[in-house]
Colleague: 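I'd like to ask you about the structure that follows.
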Number of protein chains: 2
Amino acid sequence: MVNKTAVRILTEKGLRVTPQRTAVLDVTLNLNNHPSAENISEYLRLNYPHVPIGTVYKILEAFVANGILSRVKTENRQIRYDPVMEKHYHLYNPDSDQIADLFDADLNKILENYFQKKIIPGFTIKDFYLQVVGNFSEEPAS
Amino acid sequence: MVNKTAVRILTEKGLRVTPQRTAVLDVTLNLNNHPSAENISEYLRLNYPHVPIGTVYKILEAFVANGILSRVKTENRQIRYDPVMEKHYHLYNPDSDQIADLFDADLNKILENYFQKKIIPGFTIKDFYLQVVGNFSEEPAS
DNA sequence: ATAATTGCAAAAGCTTTGCATGGCC
DNA sequence: GGCCATGCAAAGCTTTTGCAATTAT
């Protein structure tokens, strides 16, 4: 009962379809947590045949290299992973280390427009990342 | 010949003035690099009496806790430190890992204005960070 | 005087790496 | 069949921690 989306994505990207990869991708797509490698490994342990953490890292690295996931940095040491590849922003609470996505077409326009016009001497702009820091009103039971 | 600015800042913040602290602060203020603990330690080794890396970390942690420095996250593993505490943004090149400051009053206004009005259900906005990714036209000899 | 900081070394935490085994195309 | 991915264990790198000795106030 492997998620077909995961298999489709792997195939589309020309990656070999293995049970470990489909499991990791499936979990990452379904957890809305921006999970860390450790989170993913833990979740896999409960719901799928065990995948060693080293393998999880290798798989995540392959996914990042192939544009399936992106890395998200926080105040913490762990790398978090994000399966949403469309332009969006992150809401972040440093206390709980919780991340949520912010999709905001207006903000996209404002910033794209600004950086298209903006000339910074000695620097060629390629992209931008915006993190909004604050508090979630209902922190989920951690 | 210790920088008086460093001593003044420490005194203002009510921190004990030690040679190690003034040295670390002096270096961080004068290197425009957004240096890592390792960078600072290395520079100290050449220009000041040696300060062990563990002590550098403790000092930097104290500075961050007292609002003298802020941490800057990059694609790399190391934490970088920034002595500029006014609102600004970062230009960043992931390839060279170089960071530069971007001061931009227009952008400040646009974003402050936007986030003052913007209501995000379930989230209280406190602050925001913006990183501009791209290339520096003249990379300094690394 | 005394409370905080330094120095040293060990440990911790996350991630990467190497290499033999196994599995996908 | 051949090449790529997995599994396991060890290593790597940055940062943190503990504690005794030292120093600033």
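Hydrogens, waters and symmetry mates are skipped; everything else that's a heavy atom, side chains included, is used. Just so we're on the same page: letters track the sequence lines, and every chain starts at 1. Computed from a predicted structure; not experimentally measured.
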Colleague: By nearest nucleotide on DNA chain D, pick out whichever of B/Ala37 and A/Val51 is the more 5' one.
Modeller: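 By nearest-heavy-atom nucleotide position, the 5'-most residue is A/Val51.
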Colleague: Measure the distance from CD on A/Glu42 to C1' on C/dG13 and round it to the nearest whole Å.
Modeller: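 One finds 15 Å between C1' of C/dG13 and CD of A/Glu42, rounded.
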Colleague: Nearest to the side chain of A/Pro52, heavy atoms from C-beta on, is which of C/dT15, C/dA4, D/dC8?
Modeller: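 Selected nucleotide: D/dC8.
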Colleague: Can you tell me if B/His34 and B/Asn39 form a side-chain donor-acceptor pair at under 3.5 Å?
Modeller: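 The criterion, which ignores hydrogens and geometry beyond distance, is not satisfied for B/Asn39 and B/His34.
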Colleague: Calculate the interatomic distance between A/Glu38 atom CD and C/dT16 atom P; express it in whole Å.
Modeller: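 Going from A/Glu38 (CD) to C/dT16 (P), I get 14 Å.
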Colleague: Parallel, tilted or perpendicular: which one describes the rings of A/Phe128 and A/Tyr89, with boundaries at 30° and 60°?
Modeller: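 Ring orientation, 0 to 90° scale: parallel.
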Colleague: Can you tell me how far P of C/dT5 sits from CZ of B/Phe63, to the nearest Å?
Modeller: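 These atoms are roughly 11 Å apart.
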Colleague: Which atoms form the tightest heavy-atom contact between A/Phe136 and A/Ile99, and what is the distance?
Modeller: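 Residues A/Phe136 and A/Ile99, closest heavy atoms: CZ-C, 4.3 Å.
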Colleague: For a quick test of reading the model: is some side-chain N or O of B/Gln20 closer than 4.0 Å to OP1 or OP2 of D/dT23?
Modeller: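 No, because none of the side-chain N or O atoms of B/Gln20 sits under 4.0 Å from OP1 or OP2 of D/dT23.
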Colleague: Are A/Asn30 and A/Tyr43 linked by a side-chain donor-acceptor pair shorter than 3.5 Å?
Modeller: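 On atom types as modelled, these side chains do not qualify, holding no pair under 3.5 Å.
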Colleague: Expressed in angstrom and rounded to an integer, what is the separation of A/Leu44 atom CG from D/dG7 atom P?
Modeller: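 Distance, rounded to whole Å: 11 Å.
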Colleague: Without decimals, in angstroms, what is the distance between B/Leu25 CG and C/dT5 P?
Modeller: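 Distance, rounded to whole Å: 15 Å.
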Colleague: Taking all atoms of both residues into account, what is the closest heavy-atom pair of A/Ile119 and A/Pro121, and its distance?
Modeller: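 Taking every non-hydrogen atom into account, O-CD, 3.6 Å.
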Colleague: Report each atom pair, protein N/O against N/O of nucleotides 16-20 of chain D, whose distance is under 3.5 angstrom.
Modeller:
from: D/dG18; atom 1: O6; to: B/Lys58; atom 2: NZ; distance (Å): 2.6

Colleague: Quick check: is B/Leu111 connected to B/Val133 through a chain of hydrophobic side chains (ILVMFWY, heavy atoms under 4.5 Å apart)?
Modeller: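 In one cluster: no.
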Colleague: Starting from P on C/dT15, measure out to CD on B/Gln78 and report it in whole angstrom.
Modeller: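 For the pair B/Gln78 CD and C/dT15 P, the rounded distance is 15 Å.
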Colleague: Whole angstrom is fine here: how far is it from CG in A/Leu15 over to P in D/dT6?
Modeller: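 So the two atoms are 10 Å apart, to the nearest Å.
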Colleague: Both B/Arg16 and B/His50 contact DNA chain C. Which one's nearest nucleotide lies toward the 5' end?
Modeller: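 It is B/Arg16 whose nearest nucleotide is closer to the 5' end.
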Colleague: Verify the contact: side-chain N or O of B/Ser36 to OP1 or OP2 of D/dT14, cut-off strictly under 4.0 Å; return yes or no.
Modeller: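 Checking D/dT14 against B/Ser36, no side-chain N or O comes under 4.0 Å of OP1 or OP2.
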Colleague: Look at the side-chain N and O atoms of B/Arg21 and state whether any lies under 4.0 Å from the OP1 or OP2 oxygen of C/dT5.
Modeller: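 Answer yes for this pair, as a side-chain N or O of B/Arg21 is under 4.0 Å from OP1 or OP2.
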Colleague: How many Å lie between CG on B/Asn76 and P on D/dG12, as a whole number?
Modeller: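 The distance from CG of B/Asn76 to P of D/dG12 comes to 18 Å, rounded to the nearest Å.
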Colleague: Between A/Lys118 and B/Asp106, is the closest basic N to carboxylate O distance under 4.0 Å?
Modeller: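 Here B/Asp106 does not pair with A/Lys118 in a salt bridge, since their nearest N and O are not under 4.0 Å apart.
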